[in-house]
**Student:** 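Let me give you the structure first, and then I'll get to my questions.
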2 protein chains.
Amino acid sequence: MDNRGNRTGQADGLKMLHPFTGLPEPLLAELEAICTRRSYAHGQVIAEEMEHLTFVGFIAKGMLRMQKLQADGRLSIVGLMVEGDMFGRVFNGPLHFSIAATGEAEVYTFPRDAFETLTTEWPELERLVMLSILNELDAAREWMLILTNYRVTERLAGFLMLLCRRWGNVANLARIDDSRLSLTIPLSRADLAHFLATRPESLSRAFHALADDGLIVLRTPYDIEIQDLSALMDLAGSEDLFMPSHFMDLVSRLS
Amino acid sequence: MDNRGNRTGQADGLKMLHPFTGLPEPLLAELEAICTRRSYAHGQVIAEEMEHLTFVGFIAKGMLRMQKLQADGRLSIVGLMVEGDMFGRVFNGPLHFSIAATGEAEVYTFPRDAFETLTTEWPELERLVMLSILNELDAAREWMLILTNYRVTERLAGFLMLLCRRWGNVANLARIDDSRLSLTIPLSRADLAHFLATRPESLSRAFHALADDGLIVLRTPYDIEIQDLSALMDLAGSEDLFMPSHFMDLVSRLS
DNA sequence: CGCAGGCATTGACGCACGTCAAGGCATCCT
DNA sequence: AGGATGCCTTGACGTGCGTCAATGCCTGCG
């Protein structure tokens with residue numbers, strides 16, 4: 001991997017990253033000793049499909065996506081990962097998807113064999129890895145639920161709710177401006193279209209359909225304001241999914 | 001859970017179940033001591049959505065599905081689990097989906113707290129759990145890839161390939177009859193339609209479209225014969241996914 | 001300053017599929 | 001045996017969206 005990504009320093013701030021808080025000091029010291037911080041530019045590929053990755057990583061800043069180039073040339077995005085998420089493959093097999101940066105991203109990487117050794121020695125670390133994977137699994141299932149909606153507007157509404165629910169507190173993507181709920185879309189229309197199993201044109205129409213119906217306001221293509229949260233939840237069809245506290249905080253502050 | 005499922009005995013055969021082979025004898029003895037074997041009838045619910053499950057389970061026979069009843073009344077199936085798969089939720093939180101049997105099913109269950117204690121004491125068991133979750137994650141991602149195909153025929157082709165690839169060696173679902181590759185569809189059309197994010201009518205048309213084009217033969221609704229494997233793989237659009245050895249065996253025996 | 005490239009948007013058109021409705025064919029029960 | 005039930009299948013119709021094409025806007029570069 002030394003030919004990819006820019007080495008930007010050692011493990012500055014590793015212990016501040018959410019999953020690592022609370023680990024015992026000696027383990028943190030061992031982790032920091034084998035950790036490298038790297039940065040990637042927009043679109044840069046971190047790992048290729050079917051590669052036997054020699055490292056595992058945790059995202060420090062920005063967003064990565066898992067994707068696959070289909071035989072017919074279509075690009076499918078099967079996962080988005082944000083700050084604190086783990087990527088790579090522990091313990092078995094090659095990657096089935098490639099990993100690329102969406103926007104600027106910074107990651108902590110660990111050599112895979114050394115990380116696995118630590119994992120075997122420290123139950124706390126193995127538990128951390130397991131919780132990371134469970135978290136990914138939850139994300140994948142939420143995702144599939146969104147994909148099972150027939151109409152593009154419904155899938156888009158589902159994505160907007162996912163943004164609030166799962167990633168709202170990351171990089172301030174969901175926030176209250178002037179007592180309005182504002183969202184930053186962290187993807188281009190083309191990428192988001194791949195994510196929602198549709199095309200940019202249909203996605204654009206879906207955005208403007210929601211705007212015409214008064215559910216959202218498009219300030220810029222990447223900056224929207226939510227006008228009717230409950231209508232969006234109805235459209236998404238999964239308003240009863242688990243709502244984390246930071247999201248409930250946002251909602252309760254909407255007067 | 002004592003009011004659901006039929007207790008059919010203790011842990012007969014637990015050690016024969018794929019994920020448990022190779023565990024140390026003392027651990028197996030402890031597992032067997034807290035294990036109950038239960039059977040469920042078609043459609044029977046094993047756990048409700050949002051329930052705090054008090055047990056974890058492994059499938060001994062048959063197939064379970066994870067599903068969610070949407071606000072608009074639609075049922076979405078987000079996962080199918082087969083022999084050897086783990087279900088339930090280790091270490092954190094309530095279920096986000098309900099679990100039901102698809103056809104007859106038998107499972108081994110363990111009280112969750114006792115199982116987690118064993119997990120903490122035996123690294124081998126924690127590793128087993130982790131591999132189970134990684135396996136589920138792989139399945140979820142393959143699934144999403146299938147769902148991102150626009151046309152129902154493509155998604156169906158993807159499912160048939162998934163059946164070969166991931167579940168072919170389970171319950172003999174994929175096999176060679178008379179030098180023909182035969183598949184057993186382990187789901188009703190309605191269930192499969194929910195799984196493929198479509199409706200039974202469209203699914204029926206997709207089956208017959210594949211038959212009209214000579215890719216498959218419908219012997220019965222649940223028993224099909226594959227005539228043109230490579231065309232199906234092309235349609236599915238993911239022919240380069242990892243192919244396990246049992247599937248390659250099947251293919252190589254097609255002369 | 002003007003041109004080029006990338007991205008979002010809008011329009012037109014045709015098709016795949018969701019929807020409603022009816023019919024066929026099993027199994028099961030009385 | 002006859003009716004009922006449940007599932008698969010087929011038909012007809014309308015529409016959401018994939019597709020192709022053109023336009024507008026922004027950024028950056030010569």
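The sequence lines fix the lettering, A, B, ..., with proteins before strands; numbering per chain opens at 1.
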**Student:** Output the rounded distance in Å from CD1 (A:Ile185) to P (C:dT9).
**Tutor:**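 Those two atoms, CD1 and P, are 11 Å apart.
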**Student:** A:Ser202: what forms a side-chain hydrogen bond (donor to acceptor under 3.5 Å, both in side chains) with it, not counting sequence neighbours?
**Tutor:**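 Partners of A:Ser202 by the side-chain hydrogen bond (donor to acceptor under 3.5 Å, both in side chains) criterion come out as none, since no residue qualifies.
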**Student:** Can you tell me how far the NE2 atom of B:His18 sits from the CD atom of B:Glu83, to the nearest 0.5 Å?
**Tutor:**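 So the gap between those two atoms works out to 10.0 Å.
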**Student:** Grab the CZ-P distance between A:Arg189 and C:dC7 for me, whole Å please.
**Tutor:**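 Interatomic distance, CZ of A:Arg189 to P of C:dC7: 13 Å.
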**Student:** Any protein N or O atoms within reach of nucleotides 12-17 of chain D? Criterion: under 3.5 Å, listing atom names and distances.
**Tutor:**
residue	atom	partner	partner atom	Å
D:dA12	N6	B:Arg205	NH2	3.2
D:dC17	OP1	A:Val152	N	2.5

**Student:** Pairs under 3.5 angstrom, nitrogen or oxygen only, protein versus nucleotides 22-24 of chain D, please.
**Tutor:**
none

**Student:** Tell me: CZ of B:Phe207 to P of D:dC7, nearest whole Å?
**Tutor:**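 Whole-Å distance recorded here is 16 Å.
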**Student:** What nucleotide among D:dT9, D:dA21, C:dC7 has an atom nearest to a side-chain atom of B:Glu201?
**Tutor:**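 From the listed options, D:dT9 comes nearest.
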**Student:** Not counting sequence neighbours, list each pair that qualifies as a salt bridge (charged side-chain N to carboxylate O under 4.0 Å, His left out) and has a residue in residues 182-192 of chain B.
**Tutor:**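 For residues 182-192 of chain B, and leaving out neighbouring residues, the salt bridge (charged side-chain N to carboxylate O under 4.0 Å, His left out) pairs sorted by first residue read B:Arg65-B:Asp191.
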**Student:** Can you tell me how far C1' of C:dA8 sits from CG of A:Asp223, to the nearest Å?
**Tutor:**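 To the nearest whole Å, that distance equals 15 Å.
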**Student:** Under 3.5 Å, sequence neighbours excluded: what are the donor-acceptor pairs made by side chains of residues 149-164 of chain A?
**Tutor:**
residue	atom	partner	partner atom	Å
A:Asn149	OD1	B:Arg74	NH2	3.2
A:Asn149	ND2	A:Ala236	O	3.3
A:Tyr150	OH	B:Thr198	O	3.2
A:Tyr150	OH	B:Arg199	NE	3.1
A:Arg151	NE	A:Glu154	OE2	3.4
A:Arg151	NH2	A:Glu154	OE2	3.3
A:Arg155	NE	A:Leu196	O	2.8
A:Arg155	NH1	A:Asn149	O	3.0
A:Arg155	NH1	A:Tyr150	O	3.1
A:Arg155	NH2	A:Leu196	O	3.2
A:Arg155	NH2	A:Ala197	O	3.2

**Student:** Is there a donor-acceptor pair closer than 3.5 Å between any side-chain N or O of B:Thr184 and the backbone N or O of B:Pro186?
**Tutor:**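 Pair absent, no side-chain N/O of B:Thr184 close to backbone of B:Pro186.
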**Student:** Rounded to the nearest angstrom, tell me the gap between atom CG in B:Leu196 and atom P in C:dG18.
**Tutor:**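 One finds 11 Å between P of C:dG18 and CG of B:Leu196, rounded.
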**Student:** Which whole-number value in Å describes the distance from B:Leu192 CG to D:dC8 C1'?
**Tutor:**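 In whole Å, D:dC8 C1' and B:Leu192 CG are 13 Å from each other.
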**Student:** Short question: side chain of B:Ser204, backbone of B:Glu201 - any donor-acceptor pair under 3.5 Å?
**Tutor:**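 No.
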**Student:** Listed by chain and number, what are the side-chain hydrogen bond (donor to acceptor under 3.5 Å, both in side chains) partners of B:Gln227, not counting sequence neighbours?
**Tutor:**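 Checked B:Gln227 against side-chain hydrogen bond (donor to acceptor under 3.5 Å, both in side chains); matches are B:Arg180.
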**Student:** Can you tell me if B:Asp138 uses its side chain to pair, donor with acceptor, with the backbone of B:Asn135 under 3.5 Å?
**Tutor:**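 Between the backbone of B:Asn135 and the side chain of B:Asp138 there is no qualifying donor-acceptor contact (under 3.5 Å).
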**Student:** Under 4.0 Å, counting only non-hydrogen atoms across every strand here, what does B:Tyr222 touch: a base, just sugar-phosphate, or nothing?
**Tutor:**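 The answer is sugar-phosphate, as B:Tyr222 gets under 4.0 Å only of primed atoms, P, OP1 or OP2.
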